[in-house]
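Shown next, in structure tokens, is the structure this report addresses.
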Amino acid sequence: MAPPRACGFVIFRRFFGQVEYLLMQTSYGIHHWTPPKGHVDPGETDLQTALRETEEEAGLSREDLKIFDNARQELVYNVNDKPKTVIYWLAELINRNKDARLSSEHQEFRWLCLQDACRLAGYEEMQNTLKYFDRYIVENEL
Ligand SMILES: Nc1ncnc2c1ncn2[C@@H]1O[C@H](COP(=O)(O)OP(=O)(O)OP(=O)(O)OP(=O)(O)OC[C@H]2O[C@@H](n3cnc4c(N)ncnc43)[C@H](O)[C@@H]2O)[C@@H](O)[C@H]1O
């Protein structure tokens, strides 16, 4: 069986001039916070997975987002003693009339500044990913 692989987007918005990141809290397990993401289904490309999961979990579609395909991060961590690969691209919420919404998989979502997002995300790799994208936004003047 192929090793577990999941894909999603680190989504940011500008709110009163501040960059804020979307994190969602699972309604299961230890209720950890992550950006919208999920497992790659057979026959899907990674980007198709990221788009599908983001729509399913956060209600945000391709048209609501600006995707930065050059801004990509790959994380590998152990789940049940097996390595899991998670790929994130950076995306901006450009539809000002739209907000995230919850599905049954999550119990809460928040838009957070980098510092608060890192605190809630917890895991070091996830924090590094958020910091990488934050630098990308500044360095590329997004
Ligand atoms: N405990 C549970 N009880 C009931 N239903 C469950 C369940 N776990 C999963 N499900 C079901 O599985 C489905 C999820 O499918 P998907 O929505 O397709 O997949 P996912 O986001 O990759 O799932 P998950 O939350 O498990 O992954 P993550 O890597 O963040 O998290 C996986 C583990 O890795 C840990 N983790 C997350 N990020 C990490 C990191 N950066 N470093 C180290 N560990 C990390 C998390 O704390 C977590 O323990 C849901 O529909 C849900 O119903």
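Counting starts at 1 for both ligands and their atoms, following the listed order. What you see is a predicted model; the values in this text were computed from it and never measured.
- The only member of Val79, Val76, Asn78 that meets side chain to side chain contact (heavy atoms under 4.5 Å, CB included) when paired with Lys84 is Val79.
- Cation-pi geometry between Arg13 and Phe15 is met: under 6.0 angstrom from the ring centre, within 45 degrees of the axis.
- Going from atom CG of Asn128 over to atom CG of Leu75 covers 8.5 Å, rounded to the nearest 0.5 Å.
- Listed by chain and number, Ala6, Tyr28, Gly29, Ile30, His32, Thr34, Lys37, Gly38, His39, Glu53, Glu57, Tyr77, Val79, Lys84, Glu105, Tyr123, Glu125 each place a non-hydrogen atom less than 4.0 angstrom from ligand 1.
- A salt bridge does not link Arg110 to Asp116: none of the charged nitrogens lies less than 4.0 Å from a carboxylate oxygen.
- Here the CH2 atom belonging to Trp89 is positioned 9.5 Å from the CZ atom belonging to Phe133, to the nearest 0.5 angstrom.
- For the 3.5 Å distance criterion, the side chains of Thr49 and Glu44 qualify, holding a donor opposite an acceptor.
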